[in-house]
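One-based numbering, in listed order, for ligands and for the atoms of each. Atom set for the values below is all heavy atoms of this structure, side chains included, hydrogens, waters and symmetry mates excluded.
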Amino acid sequence: MSPRASLVALALAAASCGDTERLAPLAERGALLAADARVTRSQYNGFSCLTCHAVSPAAQGQRALPGATLQGAARRPSFWGGEVTNLREAVERCWTGFMRGVPADLDGPDGQAIGAWLDALAPEGSTEGAAAVTTTWTRVVRDPGEGGDRARAQAVWGRACATCHGALETGAGRLGPLVSVLPRDTITEHCDDDIAAVGYTDRQAYIRAIATEKTRHGSFLGYAGVMPPFSTEALSDDEMRDLAALFRCP
Ligand code: HEC
Ligand code: HEC
């Protein structure tokens with residue numbers, strides 16, 4: 001065998017039997033990218049994958065995150081509550097809709113590294129996290145009513161909203177200047193709305209409905225922005241009612 005032929009043979013052998021070993025550094029790079037908001041190359045993006053997703057239930061802890069845990073996700077039969085059956089498309093929704101990325105970058109080296117990382121979180125033979133995740137989206141949002149508890153809402157806020165919005169009232173620690181300071185911004189923007197024109201007579205009911213609609217729909221169903229929607233599994237209707245009580249018109 002010529003030296004060149006043996007080199008080729010070596011390379012081929014490495015490619016066929018060393019697959020898992022070759023994957024490791026790529027997956028490792030993917031893990032770093034998953035925690036990095038710069039990955040989509042948008043100056044307006046402040047989110048990383050791990051802003052909205054935990055790797056495992058243990059890593060999630062008591063946090064209420066809008067995205068499902070990612071361990072096993074690469075093996076799931078469907079995503080986004082059954083709306084999507086293709087993993088790349090599931091990720092692309094996040095990449096373009098929340099992180100302001102361009103789809104082509106998902107096919108480049110960074111996208112491939114993230115794909116390798118997702119694969120490595122669903123290793124051969126393991127079924128952990130591989131079942132489709134039940135996700136229920138509230139289509140029509142109403143005022144959740146007056147029964148919310150503002151003290152309980154503080155705790156829900158800490159588990160679900162503070163990562164992005166920072167502290168209530170001041171916004172201290174929020175993810176960036178494009179993230180609203182709450183409840184202030186919603187009150188400033190909506191308490192003077194013509195509520196009769198949209199069928200409301202009670203201003204407090206109206207502002208609760210606005211807060212609930214944004215939380216349940218995020219940037220979907222006609223809403224602008226990059227906030228993710230919270231399903232009823234991620235945030236219960238009781239928790240939503242408590243949060244809505246934080247929003248009161250003067
Ligand atoms: C701003 C929040 C947010 C960011 C950032 C985000 N996601 Fe998501 N992601 C969601 C939401 C909301 C869903 C839909 C709920 C669900 O099915 O998990 C989702 C769904 C998914 C799903 C489908 C999970 C399933 O079982 O349905 C995958 C996979 C996924 N995201 C991966 C990623 C990756 C990889 C990144 C980073 C490149 C990322 N996401 C960034 C919020 C986010
Ligand atoms: C992943 C980051 C993220 C999380 C988590 C998040 N938000 Fe947001 N939210 C945003 C961003 C960014 C905006 C600014 C508008 C936009 O881009 O969608 C926003 C805007 C809003 C608004 C509209 C403010 C206005 O101008 O009227 C409301 C209401 C709101 N969020 C409520 C919540 C609540 C309640 C929670 C917790 C259940 C929450 N958000 C969790 C990112 C987030």
Visitor: For Val91, is the nearest heavy atom under 4.0 Å from an atom of ligand 1?
Guide: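 Under 4.0 Å: yes for Val91.
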
Visitor: Which atoms of ligand 2 have any heavy atom of Leu182 under 4.0 Å away?
Guide: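 Near Leu182, meaning under 4.0 Å from one of its heavy atoms, ligand 2 has 24 (C), 28 (C), 30 (C), 31 (N), 32 (C), 33 (C).
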
Visitor: Give a yes or no answer on whether the side chain of Arg248 reaches the backbone of Ala244 with a donor-acceptor pair at less than 3.5 Å.
Guide: no

Visitor: Just to confirm my output: which protein heavy-atom neighbour is closest to atom 26 (O) of ligand 1, and how far is it?
Guide: Arg76 NH1, 2.7 Å

Visitor: Quick check: does any side chain N or O of His217 sit under 3.5 Å from a backbone N or O of Thr138, one acting as donor and the other as acceptor?
Guide: yes

Visitor: For residues Leu182 and Phe47: do they belong to one hydrophobic cluster (side chain heavy atoms under 4.5 Å, members Ile, Leu, Val, Met, Phe, Trp, Tyr)?
Guide: no

Visitor: Take the SG atom of Cys249, take the SG atom of Cys191, and say whether they are under 2.5 Å apart.
Guide: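 The answer is yes, since Cys191 and Cys249 bring their SG atoms under 2.5 Å apart.
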
Visitor: Give the atom numbers and elements of ligand 1 that come within less than 4.0 Å of a heavy atom of Gly67.
Guide: 10 (C), 11 (C), 18 (O)

Visitor: Distance alone, cut at 3.5 Å: any donor-acceptor contact between the side chains of Asp143 and Tyr206?
Guide: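 No, Tyr206 and Asp143 have no side-chain donor paired with an acceptor closer than 3.5 Å.
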
Visitor: Both conditions, 6.0 Å and 45 degrees, for the charged tip of Arg216 above the ring of Trp137: are they met here?
Guide: no

Visitor: Of all the non-hydrogen atoms in the protein, which one sits nearest to atom 3 (C) of ligand 2, and at what distance?
Guide: Cys164 SG, 2.8 Å

Visitor: Counting only heavy atoms not in Glu146, do more than 12 sit closer than 6.0 Å to its CD atom?
Guide: no

Visitor: Just wondering, are more than 12 heavy atoms of other shown residues or ligands nearer than 6.0 Å to CG in Asn86?
Guide: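 Check passes, neighbour count above 12.
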
Visitor: Taking heavy atoms and a distance under 4.0 Å, where does Phe98 meet ligand 2: side chain, backbone, both or neither?
Guide: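 Neither; nothing of Phe98 gets under 4.0 Å from ligand 2.
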
Visitor: May I have the angle between Met227 SD and His165 NE2 with its vertex at atom 8 (Fe) of ligand 2, rounded to 10°?
Guide: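 Answer comes to 180°, rounded to 10°.
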
Visitor: Mark up the atoms of ligand 2 that fall under 4.0 Å of a heavy atom belonging to Gly225, in ascending order.
Guide: 16 (C), 17 (O), 18 (O)

Visitor: Examine the proximity of ligand 1 to Met99 and report which part, side chain or backbone, both or neither, has a heavy atom under 4.0 Å away.
Guide: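 The side chain, only.
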
Visitor: Taking only heavy atoms of Leu243 into account, list the atoms of ligand 2 that are under 4.0 Å away from them.
Guide: 38 (C)

Visitor: Does Val84 reach ligand 1, in the sense of a heavy atom lying below 4.0 Å from it?
Guide: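 So Val84 does not count as touching ligand 1.
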
Visitor: Before accepting this row, confirm whether a basic side-chain N of the pair Arg41/Asp105 lies closer than 4.0 Å to the acidic partner's carboxylate O.
Guide: yes

Visitor: Are any of the side-chain nitrogens in Glu92 or Arg88 under 4.0 Å away from the carboxylate oxygens of its partner?
Guide: yes

Visitor: Pick whichever of Gly158, Ser180, Pro66 has a heavy atom sitting closest to atom 20 (C) of ligand 2.
Guide: Ser180

Visitor: Quick one: does ligand 2 sit under 4.0 Å from the side chain of Cys52, the backbone, both or neither, non-hydrogen atoms only?
Guide: side chain

Visitor: Among Val226, Thr188, Asn45, Leu235, which one has a heavy atom closest to atom 17 (O) of ligand 2?
Guide: Val226

Visitor: Give the atoms of ligand 1, by number and element, whose distance to some non-hydrogen atom of Leu87 is under 4.0 Å.
Guide: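 Every atom of ligand 1 under 4.0 Å from some heavy atom of Leu87: 29 (C).
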
Visitor: Without swapping roles, check the side chain of Asp185 against the backbone of Val181 for a donor-acceptor pair under 3.5 Å.
Guide: yes

Visitor: Please list the nearest protein heavy atom to atom 34 (C) of ligand 1 with its residue and the distance rounded to 0.1 Å.
Guide: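 Here the closest protein heavy atom is Cys49 SG, 3.5 Å.
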
Visitor: Donor-acceptor pair, distance only, cut-off 3.5 Å: does the side chain of Ser126 make one with the backbone of Glu128?
Guide: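 Here the side-chain-to-backbone pair exists.
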
Visitor: Flag the pair Leu70 / Val55 as yes when at least one side-chain heavy-atom distance between them is below 4.5 Å, and no otherwise.
Guide: no

Visitor: Applying a 4.0 Å heavy-atom criterion (strictly less than), which segment of Pro228 is in contact with ligand 2: side chain, backbone, both, or neither?
Guide: side chain

Visitor: Report the part of Leu178 in contact with ligand 2, treating N, CA, C, O as backbone and CB onward as side chain, heavy atoms under 4.0 Å; options are side chain, backbone, both, neither.
Guide: backbone

Visitor: Between Thr186 and ligand 2, which residue portion shows a heavy-atom distance shorter than 4.0 Å: side chain, backbone, both, or neither?
Guide: both

Visitor: Do NZ/NE/NH1/NH2 and the carboxylate oxygens of Glu239 and Arg152 come within less than 4.0 Å?
Guide: no

Visitor: Among protein heavy atoms, which sits nearest to atom 28 (C) of ligand 1, and what does the distance come to when rounded to 0.1 Å?
Guide: Leu70 CD2, 3.9 Å

Visitor: Tell me whether Arg29 is salt-bridged to Asp110, with the criterion being a basic N under 4.0 Å from an acidic carboxylate O.
Guide: yes

Visitor: Starting from atom 27 (O) of ligand 1, find the nearest protein heavy-atom neighbour and note its residue, name and distance.
Guide: Trp80 N, 2.8 Å

Visitor: Any idea which part of Phe79 is under 4.0 Å from ligand 1, heavy-atom wise: side chain, backbone, both or neither?
Guide: both

Visitor: Are the side chains of Thr96 and Arg93 in touch, meaning some heavy atoms are under 4.5 Å apart?
Guide: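 No, too far: nothing below the 4.5 Å cut-off.
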
Visitor: Quick check on contacts: which atoms of ligand 1 are under 4.0 angstrom from a heavy atom of Phe47?
Guide: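 Checking each atom against Phe47, I get 1 (C), 5 (C).
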
Visitor: Are the ring centres of His165 and Trp157 closer than 6.0 Å?
Guide: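 They qualify: ring centres under 6.0 Å apart.
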
Visitor: How far is atom 35 (C) of ligand 2 from its nearest protein heavy atom, and which residue and atom is that?
Guide: Thr215 OG1, 3.4 Å

Visitor: Just wondering, more than 12 heavy atoms not from Glu233 lying within 6.0 Å of its CD?
Guide: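 Yes.
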
Visitor: Just jot down the ligand 1 atoms closer than 4.0 angstrom to any heavy atom of Ala68, in number order.
Guide: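 With Ala68 as reference, the close atoms of ligand 1 come out as 16 (C), 18 (O).
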
Visitor: Hey, is ligand 1 close enough to Trp95 that some N/O pair sits below 3.5 Å?
Guide: no

Visitor: Return the closest protein heavy atom for atom 36 (C) of ligand 2 as residue, atom name and distance.
Guide: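 The closest heavy atom on the protein side is Cys161 SG, 2.8 Å.
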
Visitor: Is any N or O atom of Asp185, backbone or side chain, closer than 3.5 Å to an N or O atom of ligand 2?
Guide: no

Visitor: If the contact criterion is a heavy-atom separation under 4.0 Å, does Ser48 count as touching ligand 1?
Guide: yes

Visitor: Measure from the side-chain N and O atoms of Asn45 to the backbone N and O of Ala37, and report whether any donor-acceptor pair falls under 3.5 Å.
Guide: yes

Visitor: Using a 3.5 Å cut-off on N or O atoms only, is Lys214 in polar contact with ligand 2?
Guide: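 For ligand 2, there is an N or O atom that lies under 3.5 Å from one belonging to Lys214.
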
Visitor: May I ask you to check if any N/O/S atom from His53 comes under 2.8 Å of atom 8 (Fe) of ligand 1?
Guide: yes

Visitor: With backbone taken as N, CA, C and O and side chain as the heavy atoms from C-beta onward, which portion of Glu189 lies under 4.0 Å from ligand 2: side chain, backbone, both, or neither?
Guide: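 The part of Glu189 near ligand 2 is the side chain, not the backbone.
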
Visitor: Could you see which bit of Val39 sits under 4.0 Å from ligand 1, with heavy atoms only: side chain, backbone, both or neither?
Guide: neither

Visitor: How far is atom 41 (C) of ligand 1 from the closest protein heavy atom, and which atom is that?
Guide: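 The protein heavy atom lying closest is Cys94 CB, 3.4 Å.
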
